[in-house]
Amino acid sequence: MLIWLFLAMNFIITEVVKGIKHLYNEEVAESLISIQDTRKEFEGQATIVVFPIVRFSKKSPEQTANDLGAYLVDNLKEVTAFNVVKGFLNLSIANDYWLDLFNNSLLQPDFGVIPSNGRKVMVEYSSPNTNKPLHLGHVRNNLLGYSVSELLKADGAEVYKVNLVNDRGIHICKSMLAWQKWGNGETPESSGLKGDHLVGKYYVIFDKEYKKEIEALKAEGQTEDEAKKNAPLIKAAQAMLLAWEAGDEAVIDLWKTMNGWVYEGFAISYKNLGVDFDKFYYESNTYLLGKDTVEEGLAKGVFFKKEDGSVWIDLTADGLDQKLVLRADGTSVYITQDLGTAQMKYDDFKMNESIYVVGNEQDYHFKVLFLILDKLGKSWAKGLYHLSYGMVDLPSGKMKSREGTVVDADDLIAEMVATAKQKTEALGKVDHFSEEERETLYYNIGMGALKYFLLKVEPKKRLLFDPAESIDFQGNTGPFIQYTHARIKSLLLKADYTPGVFIDNQVALSETELDMIILLAKYPSEISAAAKTFSPASLANYIYEVAKMFNKFYHEIPPIVKEEDEQLKRLRLSLSDVTAGILKSGMRILGIEVPERM
RNA sequence: GCAUCCAUAGCUCAGCUGGAUAGAGCAACGGUUUUCUAAACCGUAGGUCAUAGGUUCGAAUCCUAUUGGGUGUACCA
């Protein structure tokens, strides 16, 4: 049961409170009264649940509902009739009221625009490693991060999108080492491979060769653990990491070159995904941060030092464990860096809130991180939020890079666009389009399908990616919504519609038209609700409802362009226009473009 | 073991602070085009909301326990 969040219905609640005072001489809070949509099978548009009021009225639910219904009809001109079903008071709201709402709200140019509220929010997302190309899991992260950012902007916040690139560490050294040994000077140019794929190729080679060495050592009688530690390749990689940290020129040069290739590759993937960032942070610059924070924690007595010199925090009182924050040799661990980076990001932007878009396997890490910052007395720690999302599963099971069962982001994008092209051509509607318009359309449809497919699922839930289903363009899909938009645009063009003229409030609304106005009017509150829970999914589902409602409307009325009654024609065209506007701006929040025709 | 998340139709998912007979899409079956784009619409069929208790006028929703699954519990990042 959808609750009426938008202010338009508040006047009823206010009157109900007055009614209770008048009828029963009891003061009740407005928060006690809830209004919800009336179910389809009953008369009316707004329903008040009277059960909570019964203890004030001291009468049966039916009697209370009847009393209140009569009071509302007498005292509110907008309420024309009521009926009572069990404890539910269904109110019929005047036609005029809906038309006024339509004219004064939905038809206004600023409808759906939520004014700036001064909130400053940072959204950190993507955060790739530079040793391999992006895969499906990253795609979910990127799309989620981008659309949450857009959602918060739409809800009136100022948003900073940042990307913390993990560009250093043993994993990069693995790619570098393998390239040195087996690369023969191969480059993206010489191989024709996208830079990130080239580097990823050597990461895989490293892993393969490393495994061979482990097997060889085990054959010589070493245990698995010994073999893993003693393999020459891993020792070489560790040596390379030390050389990197010592600033060894040759190693740094190679590192810069190979990271450069990866960045060129990522730039293409990001462009194709339609995501962007206001600022990049690099771990090569931040990995030494956090030691100041450790000192601060020691001074404040939040951290303690063990005999070996390692620094810890005891979180057992909070139901967690003891956690290491600095090694005995004074080097950092993951959380040390994150403490420092969090401080740096705050110093840079002074934001009120900071959202980390990171997979749910790091739930514990962020719980600890936020708790530590809070214990350190950081005033901004309250504004930290881990937007945790579930893994993407394949029908065959988990994605495993080592077994080659990953879905590569670039391949996936290419496949979606190719499928869009094939399906669109099969329909034969675009033969007269220009080459450029066609290509753009295929891209928008393919990406629309992919983005919508991933975003319509609640972030925290695991998501099953079935390639066959994801390229389905029927039903609850991106292309369905895109198609609805294109259809409306075509209609408005044919009908020679000009916006900006209001509707005469004498027009009688059909049931579907009334339902449409009610549904469309919820758009701003849907944005706010989605922003509040950081969930593009709820917005995606709302947009789908809007598209579905339009298609129903479109089918059940005679052709609008031939409508003789000018007022009725204008009403229907305006409804169509407002629908198109919501589809367009709503989809934009999801990062999806809607075509003018398709 | 402990922590945490998840469990709704054959499949993929909605169901928001508890509200009336639990909704969509896909798949299946049937229908709709001399009328504004059939990537559409209408209909049929499909459910012990994992299980058992509890709170409540009212529970898919809140609480407890159990079962099944994921993830974490690294001096990796």
Side-chain angles (χ1 to χ4, degrees), chain A residues 1-3 5 31 34 36 38-39 41-42 47 49 51-52 54-55 61 85-88 90 127 129 166 168-171 283 287 308 310 312 319-321 324-329 331-335 337-338 359-365 367 388 390-391 393 395 398 423-424 426-427 429 445 453 456-458 460-466 468-470 472-477 479-484 486-495 526 529-530 532-533 535 537-538 540-542 544-545 547-548 550-552 554-563 572-573 576 597-598:
Chain A
M1 213 46 25
L2 197 88
I3 290 174
L5 292 161
S31 57
S34 69
Q36 60 193 43
T38 301
R39 285 183 73 104
E41 57 271 34
F42 303 114
T47 292
V49 185
F51 293 109
V54 172
R55 64 191 170 100
V85 181
K86 293 190 246 175
F88 298 89
N90 302 320
S127 310
N129 288 342
N166 184 3
R168 66 162 284 280
I170 191 80
H171 46 287
E283 281 198 14
Y287 81 106
D308 65 356
S310 58
W312 296 73
L320 305 174
D321 304 315
L324 178 90
V325 293
L326 196 69
R327 294 189 185 104
D329 63 6
T331 56
S332 300
V333 290
Y334 180 37
I335 202 147
Q337 296 175 42
D338 263 9
N360 63 9
E361 68 276 10
Q362 295 201 37
D363 285 356
Y364 183 74
H365 172 75
K367 213 167 158 179
S388 166
M391 312 187 93
D393 289 323
K398 263 190 232 175
K423 296 214 175 195
T424 306
L427 289 172
K429 297 181 192 173
I445 293 175
F453 188 84
K456 75 175 174 188
V457 180
E458 202 58 43
K460 76 174 169 186
K461 294 213 179 178
R462 303 176 66 107
L463 182 152
L464 182 76
F465 187 83
D466 183 341
E469 196 187 325
S470 68
D472 194 339
F473 292 174
Q474 261 121 44
N476 189 358
T477 64
F480 169 82
I481 295 161
Q482 291 172 319
Y483 171 75
T484 307
R487 192 185 222 187
I488 296 173
K489 285 299 179 179
S490 160
L491 165 66
L492 295 177
L493 203 63
K494 283 212 166 110
E526 288 288 344
K532 209 171 182 174
T533 52
S535 172
S538 69
N541 283 295
Y542 167 76
Y544 171 63
E545 291 299 322
K548 210 159 47 131
F550 178 82
N551 282 313
K552 176 184 155 75
Y554 184 85
H555 271 269
E556 71 182 28
I557 57 170
I560 299 173
V561 289
K562 293 182 183 160
E563 179 58 54
R572 291 177 172 169
L573 289 174
S576 305
R597 51 181 193 161
M598 68 186 269

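Below, chain A is the first sequence line, B the second, and so on; all start at residue 1. Just so you know, these numbers come straight off a predicted model, no measurement behind them.
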Notebook entry, point to check: For nucleotides 35-42 of chain B, read 5' to 3', which letter fits each nucleotide if B means a protein heavy atom sits under 4.0 Å from the base, S means only the sugar-phosphate is that close, and - means neither?
Noted result: BBBSBBSS

Notebook entry, point to check: Nucleotide by nucleotide, 5' to 3', does protein get under 4.0 Å of the base (B), only the sugar-phosphate (S), or neither (-) in nucleotides 4-14 of chain B, counting heavy atoms?
Noted result: SSSS----SSS

Just the rounded figure in Å: distance from [atom2] of [N] to [atom1] of [X].
X	N	atom1	atom2	answer
A:R55	B:U56	CZ	P	14 Å
A:Q36	B:G19	CD	P	8 Å
A:R39	B:G19	CZ	C1'	10 Å

Checklist line | Heavy-atom neighbours of A:K552 NZ exceed 12 at 6.0 Å | finding: no

Tell me what [X] touches on the nucleic acid: a base, only sugar-phosphate, or nothing, going by heavy atoms under 4.0 Å.
X	value
A:N90	base
A:V49	base
A:Y364	sugar-phosphate
A:E283	sugar-phosphate
A:Y544	sugar-phosphate

So, does [X] use its side chain to make a donor-acceptor pair with the main chain of [Y] at under 3.5 Å?
X	Y	answer
A:S490	A:A486	no
A:R327	A:S332	yes
A:K456	A:N476	yes

Notebook entry, point to check: How long is the span from the CG atom in A:L491 to the OH atom in A:Y554, to the nearest 0.5 Å?
Noted result: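 The distance works out to 6.0 Å.
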
Next item on the list: Report the base-pairing partner of B:C49 (Watson-Crick or G-U wobble, both distances below 3.5 angstrom), or none.
Entry: none

Can you tell me, in whole Å, how much space there is between the [atom1] of [N] and that of [M]?
N	M	atom1	answer
B:U51	B:U61	P	11 Å
B:G43	B:A7	P	29 Å
B:A9	B:G1	P	28 Å

Item checked: Ionic contact status for A:K460 with A:E458, cut-off 4.0 Å ->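 Answer for the salt bridge query: no.
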
Notebook entry, point to check: Ring stacking, A:F51 with base of B:G58, under 5.5 Å and under 30°?
Noted result: no

Next item on the list: Please work out which of the three classes, parallel, tilted or perpendicular, describes the rings of A:H365 and A:Y334, given edges at 30° and 60°.
Entry: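 It falls in the parallel class, under 30°.
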
